[in-house]
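Let me begin by presenting the structure, written as structure tokens, before commenting on it.
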Amino acid sequence: MAEQNSTSNDSGGCGVTDLHRVRRFLCLGTEFGTYTLDEKIKLGRENAESLVRLIHDGRGEEVVEEISKFSREGKAVKQQPVIFALALCARESDVKTKQAAYKALSKVCQTPTQLFAFVNYAETLSGQSTGWGRAQRRAVQAWYNEQEPRQLAYLVTKYRHREGWTHKDLLRLCHLKPTNQGVAVVIRYIVKGFESAEKEFDKEDASDDVKNVLTFLRAVEDVKNMRDEGSVAGLVEQHKLAKEHIPTQLLKSKEVWRALLQDMPMTSLLRCLGKLSAIGLLAPLNDQSQAVCERLTDEEQLKKALVHPLTLLTALKQYERGRGDKMKQKWVPDPQIMEALNTAFYNSFKNIEPTNKRILLAVDCGRSMAFSGVNGSSGLTAAMAAGTMAMCVARTEPNSHVFGFTDQLVQMNITTDMRLDQILQIVGATPKGRTDCVLPILYAKDNNIPVDMFLYLTDNKTGTGDIRPSEALKQYRAAMKTDAKLCVCAMSSNSFTLADPEDAGMLDIIGLDSLALQVIRNFALGDI
């Protein structure tokens, strides 16, 4: 879209346009300037009024392109708002908007979970109508027919139902006619079961697609009734079955998890380290532990998986604790795995792409930071998370300053080769006192320091002196003649408000995890 995110307003802030509100909605799930990690998103027309206004102004096709862009470029930290926005466009009366939305369906909704969510939103938005007009039927038909047959078989058996919908429901409503024999096998399997699909399509002259699909579906069905762990593990390895294909009673088996481990994505591996140790699959010096350590320390795999240092530090602290959050699982941590996680943590800083913005990072150095937890990053203290962010900024952003603040401001001389424990010592040595959030902004103004974004990291102490941070930011903008931004991240808070919702250059974040970090990046780059 050609329209800018914001315009200057009379009060010295950056005015919020409808386009900016739409981008906020796609990224945050709200049109306002607050992102809350743990909040369950409740979506309705009333949450996306700006999107509706743009459609009614004749800009519906542009809105759909924006939705597709956010999905395609990974700017949406949660998929629900993007899928809801697409469903809203699809249910609007404007024909061109509707056509553009349904054309984008397969690209935006790439998994059955996302497809089910779209259908559910479309049904809800349709009110008394079913929502299954010709356009929706064709779009859902295309979703199935455009899939590679073997991949479709994998998807429909891994994600069998979501949001109260099943694949059989969708096929019944869209009146699907398969466009090739491979897809036809999968459709027959969904509607009438494996025996019917096998009877119909298992012929000597069957195509390779048909044979591959039948072989995979046969393995999925065999696993359902197997009790022998070794046989199940063999099928997992041979056909690359997922955890969702395995009966619940076999998910305590070391043999089965050994097979699942071979092709497990990096992020899943990090989540499962405790489980794998609890069942005894990972133990000091055994083959599986060695293989996991090799993966964790493989810089190419880390780069491909785009794992952020904060995610790795959270995984390390969680594993180090030897128990799950709900105390249901306990394990003895393997020292080699802890060392591999620590190595991965430091290696992963190389994979962060700089924003190349002028950033002033302000770290709350109050006493409570050392023991306050972090919403969204279990096992971390606010000081650990802030120290990690300071390392990110120091190592990746060429035009940055890092300050610590309480009731006074201290420049933190953090170098690119410092380790986390060294940074925590610097934070701990900073003079303690009452927290005054405006000090960094006033210092930058008084010393003519050019800043594109002020990034505050605190636990939940957002107290200020005589003026609010929003007012200090306006003073800075006026003095420096620039549209500087302010992002305040209260890592331990459940609720707070500092940002002016009518100022596009202010953002509040409640909690901190890898998704919140993407929000911060989007904000710095002007994408929201």
Side-chain angles (χ1 to χ4, degrees), residues 111 150-151 153-155 157-160 212 215-307 311-312 314-345 347-348:
T111 68
R150 169 63 171 74
Q151 176 66 7
Y154 177 87
L155 290 172
T157 53
K158 181 178 180 181
Y159 309 100
R160 291 180 178 271
N212 290 338
T215 299
F216 177 80
L217 292 176
R218 186 178 294 111
V220 170
E221 292 300 304
D222 287 347
V223 163
K224 289 181 183 179
N225 302 309
M226 283 182 175
R227 295 294 178 267
D228 181 70
E229 297 175 9
S231 298
V232 171
L235 289 178
V236 170
E237 290 180 7
Q238 182 180 355
H239 300 283
K240 300 189 184 302
L241 301 183
K243 179 169 70 73
E244 290 79 1
H245 291 119
I246 311 302
T248 303
Q249 66 269 21
L250 288 173
L251 288 177
K252 295 181 180 179
S253 163
K254 286 198 291 186
E255 283 296 317
V256 171
W257 276 101
R258 181 182 288 112
L260 289 170
L261 184 58
Q262 293 186 15
D263 295 294
M264 188 177 292
M266 180 69 75
T267 51
S268 299
L269 173 61
L270 294 173
R271 289 195 299 269
C272 291
L273 287 174
K275 165 80 174 180
L276 298 177
S277 292
I279 65 174
L281 180 60
L282 300 182
L285 302 178
N286 74 4
D287 292 343
Q288 284 68 46
S289 286
Q290 295 282 2
V292 166
C293 290
E294 288 175 9
R295 285 193 65 188
L296 291 172
T297 54
D298 186 322
E299 294 187 29
E300 283 302 314
Q301 288 199 44
L302 276 179
K303 184 176 181 179
K304 184 178 179 180
L306 298 175
V307 184
T311 302
L312 285 158
T314 302
L316 170 58
K317 294 302 177 182
Q318 180 73 63
Y319 184 74
E320 200 173 63
R321 263 195 317 189
R323 57 178 174 80
D325 289 335
K326 297 181 180 179
M327 298 293 289
K328 290 184 178 180
Q329 287 183 336
K330 294 184 179 180
W331 58 86
V332 177
D334 182 339
Q336 280 187 307
I337 291 177
M338 289 191 291
E339 181 58 34
L341 285 168
N342 192 57
T343 300
F345 169 68
N347 286 342
S348 64

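Fair warning: this is a prediction, and the values are worked out from it, not measured in the lab. Values below: all heavy atoms of this structure, side chains included; hydrogens, waters and symmetry mates excluded.
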For this session: With sequence neighbours left out, write down each residue that passes ring pair (Phe, Tyr, Trp, His ring centres under 6.0 Å) with Tyr159, or none if nothing qualifies.
Result: none
Exercise. Can you name the ring pair (Phe, Tyr, Trp, His ring centres under 6.0 Å) partners of His245, sequence neighbours left out?
Worked result: Tyr154, Phe216
Checking [X] now: which residues fulfil salt bridge (Lys or Arg N to Asp or Glu O under 4.0 Å) with it, not counting sequence neighbours?
X      : value
Glu237 : none
Lys224 : Glu221
Glu339 : none

Working to the nearest 0.5 Å, report the span between [atom1] of [X] and [atom2] of [Y].
X      : Y      : atom1 : atom2 : result
Lys243 : Cys272 : NZ    : SG    : 7.0 Å
Leu306 : Lys303 : CG    : NZ    : 9.5 Å
Asp228 : Leu250 : CG    : CG    : 9.0 Å
Lys317 : Leu341 : NZ    : CG    : 10.5 Å
Arg295 : Gln262 : CZ    : CD    : 10.5 Å
Arg218 : Asp222 : CZ    : CG    : 7.5 Å

Show the nearest heavy-atom pair for residues [X] and [Y], with the distance to one decimal.
X      : Y      : answer
Glu320 : Pro333 : O-CG, 3.6 Å
Arg160 : Thr157 : NE-O, 3.4 Å
Val236 : Leu260 : CG1-CD2, 3.8 Å
Leu235 : Ala219 : CD1-O, 4.0 Å
Met338 : Leu316 : O-CD1, 3.6 Å

Exercise. What's the verdict on side-chain contact (heavy atoms from CB on, under 4.5 Å) for Leu270 and Thr314, showing C-alpha distance, side-chain angles and the deciding distance?
Worked result: CA-CA 9 Å; Leu270 294 173; Thr314 302; over 6 Å; no
Report yes if some heavy atom in the side chain of [X] is under 4.5 Å from a heavy atom in the side chain of [Y]; otherwise report no.
X      : Y      : answer
Leu312 : Leu302 : yes
Ile246 : Val232 : yes
Gln249 : Arg227 : yes

According to side chain to side chain donor-acceptor pair (under 3.5 Å), who are the partners of [X], at least two apart in sequence or on a separate chain?
X      : value
Glu299 : Lys350
Thr111 : none
Arg150 : none

Sequence neighbours excluded and cut-off under 3.5 Å, please list the side-chain donor-acceptor pairs for residues 277-291, or say none.
| from | atom 1 | to | atom 2 | distance (Å) |
| --- | --- | --- | --- | --- |
| Ser277 | OG | Leu273 | O | 3.2 |
| Ser277 | OG | Tyr319 | OH | 2.8 |
| Asn286 | OD1 | Gln288 | N | 3.3 |
| Asn286 | OD1 | Ser289 | N | 2.8 |
| Asn286 | OD1 | Ser289 | OG | 3.1 |
| Asn286 | ND2 | Leu281 | O | 2.8 |
| Ser289 | OG | Ala283 | N | 3.1 |
| Ser289 | OG | Ala283 | O | 2.9 |
| Ser289 | OG | Asp334 | OD2 | 3.1 |

Exercise. Can you list every ring pair (Phe, Tyr, Trp, His ring centres under 6.0 Å) pair that touches residues 264-296, not counting sequence neighbours?
Worked result: none
Problem set entry | Residue pairs passing the ring pair (Phe, Tyr, Trp, His ring centres under 6.0 Å) test where at least one lies in residues 250-296, sequence neighbours excluded | none
Exercise. Got a sec, which pairs hit salt bridge (charged side-chain N to carboxylate O under 4.0 Å, His left out) with one end in residues 256-284, sequence neighbours left out?
Worked result: Lys240-Asp263, Glu255-Arg258
